[in-house]
Asker: 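So that we are looking at the same thing, I have put the structure below in structure tokens.
Chain letters run A, B, ... following the sequence lines, proteins first, then strands; residues in each count from 1.
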Protein chains: 2
Amino acid sequence: MTAENIAPERKTRKRDADATKGRILAAAKAEFAKLGLAGARVDDIAERSSANKRMIYHYFGGKEALFCAVLEEAYLDIRESERALNLEDLPPIEAMQTLVRFTWEYYLANPEFITLVNSANLHKGRHLESADRLKTRQRQFVDMVQRILDRGVTTGDFRKGIDPIQLNITIAAIGYYYLTNRHTGGILFQRDFLEPDALKTRLDFNIDTIMRLISAKD
Amino acid sequence: MTAENIAPERKTRKRDADATKGRILAAAKAEFAKLGLAGARVDDIAERSSANKRMIYHYFGGKEALFCAVLEEAYLDIRESERALNLEDLPPIEAMQTLVRFTWEYYLANPEFITLVNSANLHKGRHLESADRLKTRQRQFVDMVQRILDRGVTTGDFRKGIDPIQLNITIAAIGYYYLTNRHTGGILFQRDFLEPDALKTRLDFNIDTIMRLISAKD
DNA sequence: CATGTAACGCACTAGTTAGTTACTTATGAT
DNA sequence: ATCATAAGTAACTAACTAGTGCGTTACATG
């Protein structure tokens, strides 16, 4: 499943199912992210992955099944990266600020995540229904945020009764919306949304928004 | 440009350029919103509008140009609806709460707006570039929000120095994200995002988020 | 009533596109 | 070595799709 195979072990290893599968997945991710499910072309994915179209049908079954695989992998990656932050080792305020910052930086570094999720929702989430491993991870994630909130209440930093799901949605929303709509936003507001200054301003604004939302002092 | 022509003036008026154009636009809006730009089919739009495909090319020039027309109309409609709220006649706090509530309710009542904007951004906003009338409206809208913020500062209700653009983006974001990602969100969080209780909870949460963000007391 | 103009519609084309068939080639267990 | 199996390829197909050529029909104007 390694995405690339730059230094083959012995000679030029011509046959490597795992590597081929990984290359197809990476190429599909790029293609689906750029053009959406309907706009993506199976032939282009085959070419981008320097594999053959037949291999896509062999390993994944078809265009839609390939999209399912791409989507689940994308979601698993962000949930795994969040877990790797070890937020539970941080004081509550710092943990929450880190989460807001991480979410923002993840979207910035992985813009294809956003367009993939948008495509999935255009099709009513149908391609995520069977991703059971992900549902478990998601629950663990919500529970972790709940524990951070609880700790913050104990220390007197956070208000009581905040729903971790509403909070998660809000943290995602204020970063996601800015970035997914940066093109139409840039035209309408006559600003470059990706300029370093603009990015810094927005991140600070977002951290401030979340801190004011959950803060106990008021 | 009237979308329907239920009561024709004299006899059965078989030829009506305006009505045909309007029907095509309405059908295209529904089709593009449902399937995206690449997924939409010109033949289907022709059939849905009970017009002929030839007419689409006659009136709009092509699929992409039709998408441009649909998109600009959609944006103009929301900006016009916002203006019709006459927020400047309300006290600052009430004006801002009304704006948050309106934005939410507009997205709920016009779900196609969200998917159209998503499609436009998938294509890097290219289809909105020539919408000059809209840019003017957008500036007027931002100026109006700025005036509400200024009034709020004068009355002592709002903090100083809030950027109306960051605020607008945030108001849109917390409603938009919840609704555009309601399908994947529903699967991952195991909740029905559109249930009446869930909708009410989210709207209250959103109003609270914005009020805490701009409120002077802290 | 004659006539120019714009609305309208059928049927076609040239190029795509997802998915498949039939085949070759490398690999590793025996 | 050999041979079953999995990896890999090229060429094909049937259905689809954006766009167009060309002819017809309604309506306003003089």
Asker: Using a cut-off of strictly less than 4.0 Å, decide whether A:Thr20 has a side-chain nitrogen or oxygen near OP1 or OP2 of D:dG8.
Answerer: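 Checking A:Thr20 against D:dG8: at least one side-chain N or O falls below 4.0 Å of OP1 or OP2.
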
Asker: Under 4.0 Å, heavy atoms only, any strand: does A:Ala40 hit a base, just the sugar-phosphate, or nothing?
Answerer: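 It contacts sugar-phosphate atoms only.
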
Asker: Report yes if at least one side-chain N or O of A:His58 is closer than 4.0 Å to OP1 or OP2 of D:dG8; otherwise report no.
Answerer: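 Checking D:dG8 against A:His58, no side-chain N or O comes under 4.0 Å of OP1 or OP2.
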
Asker: Quick test of your reading of the model: are B:Asp132 and B:Lys135 salt-bridged, counting only N-O distances below 4.0 Å?
Answerer: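 The answer is yes: the pair qualifies as a salt bridge.
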
Asker: Would you kindly give the NZ-to-P distance between B:Lys21 and C:dA7, to the nearest whole Å?
Answerer: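 Checked: the NZ to P distance equals 8 Å.
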
Asker: Can you tell me whether the side chain of B:Lys53 and the base of C:dG9 have a donor-acceptor pair closer than 3.5 Å?
Answerer: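 Answer is no: no donor-acceptor pair is held.
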
Asker: By nearest atom, which of the nucleotides C:dA7, D:dA18, D:dA7 is closest to the B:Met55 side chain?
Answerer: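 Looking only at heavy atoms from C-beta outward on B:Met55, the closest nucleotide is C:dA7.
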
Asker: Can you tell me how far C1' of C:dT13 sits from CG of B:Asp43, to the nearest Å?
Answerer: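 About 13 Å, once rounded to whole Å.
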
Asker: Find the distance between CG (A:Leu108) and CZ (A:Arg202) and round it off to the nearest 0.5 Å.
Answerer: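 Between atom CG of A:Leu108 and atom CZ of A:Arg202 there are 12.0 Å.
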
Asker: Quick one: B:Phe60 CZ to D:dG19 P, roughly how many Å, whole number?
Answerer: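 About 14 Å, once rounded to whole Å.
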
Asker: Find the distance A:Asp44:CG to C:dT16:P and express it as a whole number of Å.
Answerer: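 From A:Asp44 CG to C:dT16 P: 11 Å.
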
Asker: Grab the NZ-P distance between B:Lys63 and D:dG19 for me, whole Å please.
Answerer: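 In whole Å, D:dG19 P lies 8 Å from B:Lys63 NZ.
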
Asker: Within this structure, what is the CD-to-P distance between B:Glu64 and D:dT17, rounded to whole angstrom?
Answerer: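 Spelled out: CD on B:Glu64 to P on D:dT17 is 16 Å.
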
Asker: Want to settle it: does A:Gly39 or A:Gly61 sit nearer the 5' end of DNA chain C, counting the closest nucleotide to each?
Answerer: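 Checking each residue's closest nucleotide, the 5'-ward one belongs to A:Gly39.
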
Asker: With a 6.0 Å cut-off on the ring centroids, do A:Tyr177 and B:Tyr177 count as close?
Answerer: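 A:Tyr177 vs B:Tyr177: aromatic centres not under 6.0 Å.
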
Asker: B:Ile56 CD1 to D:dT17 P: how many Å, rounded?
Answerer: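 For the pair B:Ile56 CD1 and D:dT17 P, the rounded distance is 14 Å.
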
Asker: Using whole Å, what does the distance between atom P of nucleotide D:dT9 and atom OH of A:Tyr57 come to?
Answerer: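 Whole-Å distance recorded here is 16 Å.
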
Asker: Is there a donor-acceptor contact under 3.5 Å from the side chain of B:Glu31 to the main chain of B:Arg41?
Answerer: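 It does hold such a pair.
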
Asker: Please confirm whether the shortest side-chain N or O distance from B:Asn52 to OP1 or OP2 of C:dC10 is below 4.0 Å.
Answerer: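 It does, given that an N or O in the side chain of B:Asn52 lies less than 4.0 Å from OP1 or OP2 of C:dC10.
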
Asker: D:dA7, OP1 or OP2 - any side-chain N/O from A:Tyr59 closer than 4.0 Å?
Answerer: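 Result: yes.
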
Asker: Using a distance-only criterion (donor-acceptor N/O pair, under 3.5 Å, no hydrogens), is the base of C:dT21 paired with the side chain of A:Arg54?
Answerer: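 Donor-acceptor pair under 3.5 Å: yes.
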
Asker: Would you call B:Asp208 and B:Arg212 a salt bridge, using N to O less than 4.0 angstrom?
Answerer: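 A salt bridge is present here (some side-chain N lies under 4.0 Å from a carboxylate O).
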
